[in-house]
Amino acid sequence: MSALLETRLSVDYPNKPGVLGDVRLTVSEGEMVGLVGESGSGKSTIALALMRLLEHKGAAIHGEVLFNGRDLLQLRAKEMRQIRGREIALVLQSPLASLNPALRIGTQMSEAWRAHASGAASKHWKVQALELFERVSLPAEESFLSRYPRQLSVGQAQRVLIAMAVLHKPRLLIADEPTSALDAVTQSEILELFRRLNREMNMAMLFISHDLLAVASLCSRIAILQRGQIIESGPTAQMFRDPRTADTRALLEAVLRNSSAVAEFARPESTVRR
Amino acid sequence: MSFKQKFALAILGVAVVASLGAGYLVQSSYSEQFRDAISAPPSARFWLGTDELGRDRFARLLYGTRVSMLLAPAAALLATLIAGLIGGAAGYLGGRWERMITAGVDLFLSLPWLFLLLAVRALLPLNTSPVMSVMITFLLLGCLGWAGPARIIRAGTRTLVNSDFLVQASASGVSRWRLFWRHLLPNLRPVLLAQFWISIPLFILSEANLGLLGLGVSEPLPSWGAMLRDLENYSAVLQNPWMLAPAVLLVAVVGCLQLLLGTEERGVSC
Amino acid sequence: MLMRCRLTRFTMALMLCGLAAASSASELRFCLRIDPKTFNPLLVEDEASQTVRYLTGGVLIRLNRYTQELEGELATKWKVSENGRRIDFDLRPGVRFSDGTPFTCDDVVYTMRELMDPNLHSPTGDVFRSAPGPVESRCTGSSATGSAGVTVRFPGPVAALAAQFDQVAILSAHSAAKESAVLGPFALGEYKPGAYVLLRRNPNYWKRDANGHPLPYLDAIRLEIQQNRELELLRFRRGELDIVNKLDPEMYDRLSSEMPHAVVDAGPSLDWEIVFFNQVANAPLPEYKRRWFRSDDFRRAISEGIRRDDLVRIVYRGHARAAVGPVSTANRFWLNSALQPPSGSQTAALALLEHAGFRRSGSTLVDRDGNRVEFSMITNAGNKLHERTLALIQQDLARFGIQLNVVTLDFPSLVERISRTFNYEAVLMAITNVDLDPSAQMNIWVSSAANHQWNPNQKTPATPWEAEIDKLMAEQGGSQDRDKRKIYFDRVQQIAADKVPMLFLVNPNALSAVSPNVKNVTPAVLAPQIYWNVEHLQVGNALVSQARNALVNQR
């Protein structure tokens, strides 16, 4: 497996330097990588920095983001726009806030489609959208397209966002806490959905979460982020078996203590499988 | 559609049909002076009486409605669009652009408009037909009335610009322009609509004031503004209460439009 | 504590106010439209300053606004000689300024010197500058007999010389108080910019009534500065004002229905409502339009076509008279009584238009070359009378297929157009006239004058009739024989009626309102219509005290 994404990334905000310090991440083609960290550790910043969506906030990004061999940080704005949504897609953490309240679902799907389809192709959005809705277990009906976000449940909203993200079959999907706003059942359904998409579309994924358990169930490799630094990274199994740093160990212990409790409640009805 | 809306629609319909069909409803033209019937009270011949020059008030009301109902909303639309673009752009682009645009808007608001309008009047030829001059008037109103709303829209945009759905949309590769136009502006709709509704009566009245600069609706064309200006003479109004008809109609029409379009806006979720 | 202090002071102020109101019942109150620009009588230009000058200034000769005759005031006698170059005054003895300094011939000499001082640029002095050269004035008379006189000699003849002194308020040469030392019935007491001007009775005023009682009767005049006419009317109705100087016809009718005894219609004034066409040679007009406007027949046809009776009846509600020409019917002596106002008849107008080569084409009128007759008429915005006048004229002319475009402009732009850029076609405006004498119209009729509005500043007269008017005006101005001058000016009026350089529409009536509390009012058509005899006016308490005095005198 060749490296699809390889970063060496530092980010400074004008009034908060060193949000990220030389973050090295590698994602190979079709690989699912988990990025775990506490809140405030800089996880969301990584997601936005990779997409170069931080610039208008005045953040300074240094280093390099090699995607498929090209340094994204060197691209012109127009070329970067071509990458977004088509090569790399993003799913944000709060599904309802991430959908435009003033636009119908259909309009938002069509907008996302048209961003990379011009001319005759721009008309095919509906077919694509309905097909994807089917795959993400949403009602594949025209009436659903004419709904507004406020008429959806959180789970439906997240599925819409995922459908929108994979519309152009990106090679990399960055999911920033995609399940944290969801209840346990929906959460596991979404995780299952990611797994399936990864399998069916051979889509690499950077799964950012504070939920080590969810990450572990999904990803083959894990990186641990703390105060803007990657303190440890490696295959999931190895991480659990033999954590190298004290911090990781502490984290793992905390998670495992909780998860056994969670597991006891969740197991009977959830379908977390590999 | 609720009963209220039907009612509003009916009133609007009557107003529109009456103003468009004015030629069939009244025999006299809006400009004909019946000099033997000056300031006459309502009668079978003149339903709302005549004005100080003996012109049929009812005919003037109908034709004036046609002029104002068509042009004031058009000017309000123009002003709101410009305000949306400029105010929205300021809030959306932020930083240096925002400071520049805000300064521009403030400058625009502080300009001595009186003198600029006088200059405009000086540039216009004297022999413009009344219809032409009324169009120019409302065009001017539209082009000048955007600055106030633009400030409000800028503030509204500021609160929207960091929202997740815009980040999400740009992460889908939507271009900046499209992001602004298709994703941000629709969210400003309530603000824009409010500005639009506020502008209409404002413009109708401004038109009357522009008349003082030689820019308004010129004789003999009637307009709501000019008819409302008649109301300044309060003692005449007390004696001839039917002079209030234009004001009542103005309130009714604006109210009805609001009722109709205002609920349509919310209607989807109901 | 502080609050209370303030409260006490406030109540005290209130009490004082009440006290003042009670004791100053012989105060006459009316409004000025704006703040007076100056209290120097020689620099007066605006109406407010003019009012103050009329009430405070003492003049050698006064035009009686009612009889329209000149009367001696500070001059007991005067004589004009050397064909209007020289005037001799006999001065009234024993007169004192308001500050007590005696009035002597020095004051007149000083006033004349100041008036003609080129550095002062006195607008009042303009009429006296008939020719280049110095104005000489010197004291005459002997100190032995106690009689004093002044001789003033001008470098050139001054038309209606004696009448011009009605505007010249005499200054004090010696008083330390300068401008505030006056010879008129009132003196400046207090001035609060934007609020009021308070004039107090001049205790040294020389005039006495028939019973020998010193004038004026009033103790004070309070001139409130109030721009809003509706408010003025409201305050008048509440009894807070005693006089409203100029009422528009609508307000007049409104007031007369409520207070029929308070309104005064003094009949047609000297003022004009006129229309004129642009006849300026290099005006930015299309050639064919210039041809229309320069056609006598066209102008006459328009003049004939305007129904002046309707203007009087509808716009002025009967409070105006159809104008005959430049002389109002109010001007008893100078009116050319052979003239009649244009008829407003459609046939007469059509005949003139046909004669000038215009014809009907469908619903519109076209000229000889087929150009549609459409022109604009400008007027000052915000003047309802003018707006309505134009609406009526528009309809009147529509009868002939003429399309008139009405354009209202702010006053400065209007003036700019008619006097500098000449970018206009026709204009409707009001001209205020205060002077009966035709020489006052010199600046309008003489073709080289800047105020020869339809075609100003001509090097040589553009038309034979303008040349003839120039000659007639010069002749009447050069003569001191009133009857001869009348013959010349009658001819000017005749030419104005035949050639119609200006369309005289109406002479609006002088409308005012005066509270029944004010006694001895004798309304005149000439401004100031109500208070021209201010020294004889009485208000409220003054009347009572006056009556008491009269009783005492009788005993």
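All values derive from a computational prediction rather than experimental measurement. Residue numbers begin at 1 in each chain, while the letters A, B, ... track the order of the sequences.
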Assess whether atom [atom1] of [X] is packed by more than 12 heavy atoms of other residues, nucleotides or ligands within 6.0 Å.
X      : atom1 : result
B:M135 : CE    : no
B:F7   : CZ    : no
A:E79  : CD    : yes

Chain B contact via [X] - side chain, backbone, both or neither, heavy atoms under 4.5 Å:
X      : answer
A:L90  : both
A:L48  : side chain
A:R114 : side chain
A:L161 : side chain
A:R81  : both

Residues which pass salt bridge (charged side-chain N to carboxylate O under 4.0 Å, His left out) with A:E142, listed by chain and number, not counting sequence neighbours:
A:K126

Shorter than 4.5 Å, heavy atoms on both sides: which option in B:A169, B:G94, B:S175 has the most such pairs with chain A?
B:S175

CG of A:L96 to CG of B:D164, rounded to nearest 0.5 Å, is 11.0 Å

